[in-house]
Structures are given as structure tokens and as C-alpha cells.
Amino acid sequence: MRSDTPACISDRDRVASELNAWFVREARDLPWRAPGTSAWAVLVSEFMLQQTQVERVIPRWIAWLERWPTPAALAANEPGEAVRAWDRLGYPRRALWLHRAATEIVGLHGGEVPRDVDALLALTGVGPYTARAIAAFAYGERHPVVDTNTRRVLARLVHGVALAGMPKDSDLEDMEALLPEDRASAAVFNAAAMELGAIVCTARTPRCGFCPVAQWCEWRGSGYPANAPTKRPRQAAFEGSDRQARGRIMALLRRSSDAVSREAALAAAAGDEGHGKARRRSAQDPTQPQRAFDSLIADGLIVEFEGRVKLP
DNA sequence: CTCCTGCGGT
DNA sequence: ACCGCGGGAG
């Protein structure tokens, strides 16, 4: 962060003050930010938002909480119902993890979402980001919350580089160094940093002209140097992937109220929609459908039942 | 093509 | 430390 402004107040406080004021002014009106949102509702939102964009999450989140307003309500249903309600949010293992977390919350915490970070980390599907996000946003505890947006903001503001590299433990320390002392401001600042990364300090085309902390930005101050070659692993192509084949099986089972035959599941994996038009799949790996099927069994996302296949 | 409020397994 | 894991949108 640039410190070319003589100040009685530290730059840390100025950055937090400006960013928080911007957040109050400009932040999107997201439903899980409404006052009175339960810790469970926050937890559900954080699960859904892992690798899935806000706009796609909102309708699923509303429907989910209407149906399962408490951990106990979800835990009382079969996990397959959670997978079905997950719909097309992607990475459906998260639905299974969320159901498992609800069961753990009922069994270990009397049905109340814990507020302690270590207790949260022990829940299935809750990692370093989600645990701190729940503690900060649901309970107002003071913790650094660092997601991919915040890591990019820190990379630019503090380190003067265009993009963040691999996640590091020091990310939390970087955020801690900027975090306001009082809990309420700290919680807002965590959300504000994420929001800035989401709508201003974006990966591809940052809108620095609208950035409330541009004057302290190390990246801007050094002339927006080009992206240093980072080590970030590129995501594999989706088209033709095992993920796509798995997704087709899951889509078939979500829309089937009953179990389907193994053959139907394998055909779905191969991209055969079963209505007329033959799909060209000459270049496809012939072992892929079976591999996708087996991996879904291993994940517990589908089960075989008397020679047929259904959600768990 | 890239990116998106990450996570658990290895 | 690396990898697999959906699906949508720019």
C-alpha cells in the first residue's frame, strides 16, 4: 500500500474507512446480507457461493431456506433431497457436504451453528474461507476473511501485482494487517474487500476509476505492471470432460422421480439425450461413461439399488 | 478462452 | 503442493 500521504491516522484506518463507506453506498443488495439473517442461512449461502456466482445462487438459496429453515430440518431429509434441491449450482458434492454438516450441527452442537472457527472448520465442507466467513458475517466475530476476490484486491493494493498467485497462509496475515480493530467495522471490511473484488477490482477489466481506495493502491502507483507469470493452475476444459459426463448423469437423476436403469445412466453420461437426434461423440473416450458413473458411486452422489440407480 | 465468495483427498 | 470437481456467463 502506498504511504505517500502524511497522516496522523494510519493508512490502514483510512483504507478501511473509505472502503467501508463505499460498501455502504454501493454494495449489492444481497438477501443473505439482510439484518436478521440466521447463521444457518449464512452458512447455506457460503456453501452455495463456493465457486458459483451470486446471481445463480440467489433463487436456490431462497428456495432452500424456505424448505429447510434450520439444520435439523435438512438433517431430517434424505441426502438425495439436498442433491435434488441443489439443482444446477454445480459441484453437487457440496449438497452432500451441506447435508452432512447439518447432521453434524444437530449431533454435536444441539442444532445451532457454532461460532468458534475451529468448531466450524470441523464441519464437513467448511474450510478456511467458509469458517471465517460464518464467524464474521453470521456472528460478527473479528477474523480475516480471505476469498479469491480479496486475494486479488490484496495482491494489487498491498503487493502491487496484477493477480494473486497460489493461496498462502500469509494471505490471512495480509488481511489481518488491514482489518479495523472493532468487530463491526472488521466484519464490514471483510465483506467490502470481497465486494470490491467482485464489482470493481475485477480480474479481467478492473474499473480503477471507480475504486474508493485507488490512491493507496500499490499496483496503480507503479503503473499497472503487466501480470507477472503466476503459478495458478488453469482449470481444465469442461467440454468433453468427466465433469460434464457426471453432470449429465446427475441431471437425469434430478429430473427422475424414480430410479433409472444403469444403462440409461451410462447413456446419459455419453451425451445421448434419448430423443431422436444422434449425438456425435466420435472423439469421446469410450471408457468415460463408466468412469463417470463409478466416480459418482464413490462420491455417494448416486447409489445402486436392486440393479437400478437413484439419488442417495 | 477465462473466471467465479473453495473444498477434500492424495 | 497438486488435483478433480459443474455449470454458466463474459
Side-chain angles (χ1 to χ4, degrees), chain A residues 23 27-28 30-33 42-61 83 86-98 100-101 120-138 144-154 162-169 171-172 175 187 190-199 201-207 227 230-254 268-269 288 291-292 294-296 298-301:
Chain A
F23 181 81
R28 295 167 292 181
L30 304 179
W32 42 85
R33 289 175 179 165
V42 171
L43 184 151
V44 172
S45 79
E46 296 298 344
F47 268 71
M48 291 182 170
L49 288 162
Q50 292 166 3
Q51 302 288 282
T52 304
Q53 293 90 332
V54 163
E55 292 71 21
R56 295 171 50 212
V57 163
I58 290 173
R60 288 298 101 217
W61 180 82
V83 173
W86 195 255
D87 199 33
R88 288 179 297 176
L89 289 178
Y91 294 143
R93 292 185 299 184
R94 290 182 292 163
L96 233 37
W97 295 342
L98 180 50
R100 201 170 303 157
L120 288 163
L121 282 170
L123 298 173
T124 300
V126 175
Y129 163 74
T130 305
R132 289 173 180 80
I134 294 167
F137 302 145
V145 181
V146 178
D147 76 326
T148 184
N149 284 315
T150 298
R151 292 199 316 112
R152 185 174 54 253
V153 169
L154 290 171
L163 294 173
M166 296 291 289
K168 299 185 291 285
D169 289 347
D171 296 337
L172 285 177
M175 190 61 176
N190 280 314
M194 293 168 60
E195 188 78 354
L196 188 75
I199 68 182
C201 197
T202 54
R204 191 61 69 91
T205 53
R207 303 161 60 210
N227 195 3
T230 64
K231 277 283 187 184
R232 296 199 64 173
R234 298 296 170 217
Q235 187 183 63
F238 179 63
E239 189 66 31
S241 66
D242 285 11
R243 292 199 336 258
Q244 185 181 40
R246 286 165 53 102
R248 286 169 169 156
I249 295 176
M250 295 309 296
L252 170 64
L253 288 179
R254 279 197 309 267
Q288 185 178 66
R291 188 169 62 248
D294 291 344
S295 73
L296 289 172
D299 284 344
L301 279 166

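In this text the structure is predicted, and so the values were computed from the model without any measurement. Residue numbers start from 1 in every chain, and the chains themselves are labelled A, B, ... in the order their sequence lines are given, proteins ahead of strands.
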Inset, instruction - Using a 4.0 Å heavy-atom cut-off across all strands, classify A:V54 as base, sugar-phosphate, or nothing. - result: base
Inset, instruction - Would you indicate what A:R28 reaches in the nucleic acid, counting non-hydrogen atoms under 4.0 angstrom: base, sugar-phosphate, or nothing? - result: base
Legend entry - Residue closer to the 5' end of DNA chain B, A:E195 versus A:G125 (nearest nucleotide): A:E195
Inset, instruction - Looking at every strand, decide which applies to A:W86 at a 4.0 Å heavy-atom threshold: base, sugar-phosphate, or nothing. - result: nothing
Legend entry - Interatomic distance where CG belongs to A:L96 and P belongs to B:dC7 [whole Å]: 17 Å
Inset, instruction - May I ask you to say what A:R94 touches in the nucleic acid, namely base, sugar-phosphate or nothing, with a heavy-atom cut-off under 4.0 Å? - result: base
Inset, instruction - Only counting residues at least two apart or in another chain, list the ones meeting salt bridge (Lys or Arg N to Asp or Glu O under 4.0 Å) with A:R254. - result: none
Inset, instruction - Name all residues meeting the side-chain contact (heavy atoms from CB on, under 4.5 Å) criterion together with A:T52; count only those two or more places apart in sequence or in a different chain, and write none if there are none. - result: A:R56, A:V57, A:L89, A:R94
Inset, instruction - Using the test salt bridge (Lys or Arg N to Asp or Glu O under 4.0 Å), find all partners of A:R132 that sit at least two apart in sequence or belong to another chain. - result: none
Legend entry - Where A:A236 and A:R243 come nearest, the two heavy atoms and their spacing: O-NH1, 4.0 Å
Inset, instruction - Classify the nucleic acid contact of A:A237 as base, sugar-phosphate or nothing, counting any heavy atom under 4.0 Å across all strands shown. - result: sugar-phosphate
Legend entry - Which residues share a salt bridge (Lys or Arg N to Asp or Glu O under 4.0 Å) with A:E195, sequence neighbours left out: A:R28, A:R33
Legend entry - Nucleotide B:dG8, atom C1' - distance to CG of A:L301 in whole Å: 13 Å
Legend entry - ring-ring contact (aromatic ring centres under 6.0 Å, His included) partners of A:W97, counting only residues at least two apart: none
Inset, instruction - Using atom CZ of A:R56 as one end and atom P of C:dG10 as the other, report the distance to the nearest whole Å. - result: 12 Å
Legend entry - A:P31: partners by side-chain contact (heavy atoms from CB on, under 4.5 Å), with sequence neighbours left out: A:I58, A:W61
Inset, instruction - Report the nucleotide, chosen from C:dG8, C:dG6, B:dG6, that has the shortest atom-to-atom distance to any side-chain atom of A:R88. - result: C:dG8
Legend entry - Nearest-nucleotide 5' precedence on DNA chain B, A:M194 against A:T124: A:M194
Inset, instruction - Starting at atom NZ of A:K168, determine the distance to atom P of B:dG6, rounded to an integer number of angstrom. - result: 16 Å
Inset, instruction - Please tell me which of the listed nucleotides, C:dG7, B:dG6, B:dC3, lies nearest to the side chain of A:T148? - result: B:dG6
Legend entry - Nucleic acid contacts - residues 42-51 of chain A versus DNA chain B, non-hydrogen atoms under 4.0 Å: A:E46, A:L49, A:Q50, A:Q51
Legend entry - Sub-4.5 Å side-chain heavy-atom contact between A:L98 and A:L43: yes
Legend entry - Side-chain donor/acceptor contact of A:T52 with base of C:dG6 under 3.5 Å: yes
Legend entry - Length of the line joining A:R93:CZ and B:dG9:P, which is rounded to integer Å: 9 Å
Legend entry - Nearest-nucleotide 5' precedence on DNA chain C, A:D299 against A:Q53: A:D299
Inset, instruction - Report which part of the nucleic acid A:P92 touches: base, sugar-phosphate, or nothing (heavy-atom distance under 4.0 Å, all strands). - result: sugar-phosphate
Legend entry - DNA chain B stem ranges, 3 or more consecutive Watson-Crick or G-U pairs under 3.5 angstrom: B:1-4 with C:7-10, B:6-10 with C:1-5
Inset, instruction - Write down the distance between CD1 (A:I134) and C1' (B:dG6), rounded to a whole number of angstrom. - result: 12 Å
Inset, instruction - Between C:dG6 and B:dG9, how far apart are the P atoms? Round to whole Å, please. - result: 15 Å
Legend entry - Same-atom distance (P) from B:dC1 to C:dG4, integer angstrom: 16 Å
Legend entry - Spacing of A:M250 atom CE relative to C:dG4 atom C1', expressed in whole Å: 16 Å
Inset, instruction - State, to 0.1 Å, how close A:S295 and A:A292 come at their nearest heavy-atom pair, and which atoms those are. - result: OG-O, 2.8 Å
Inset, instruction - Could you check how far CD1 of A:I249 sits from P of C:dG7, rounded to whole Å? - result: 11 Å
Inset, instruction - Quote, to the nearest angstrom, the P distance that separates C:dC3 from B:dT2. - result: 16 Å
Legend entry - side-chain contact (heavy atoms from CB on, under 4.5 Å) partners of A:A133, counting only residues at least two apart: A:E46, A:Y129, A:F137, A:V145
Legend entry - Nearest-0.5 Å distance, CE of residue A:M175 to CG of residue A:D171: 11.0 Å
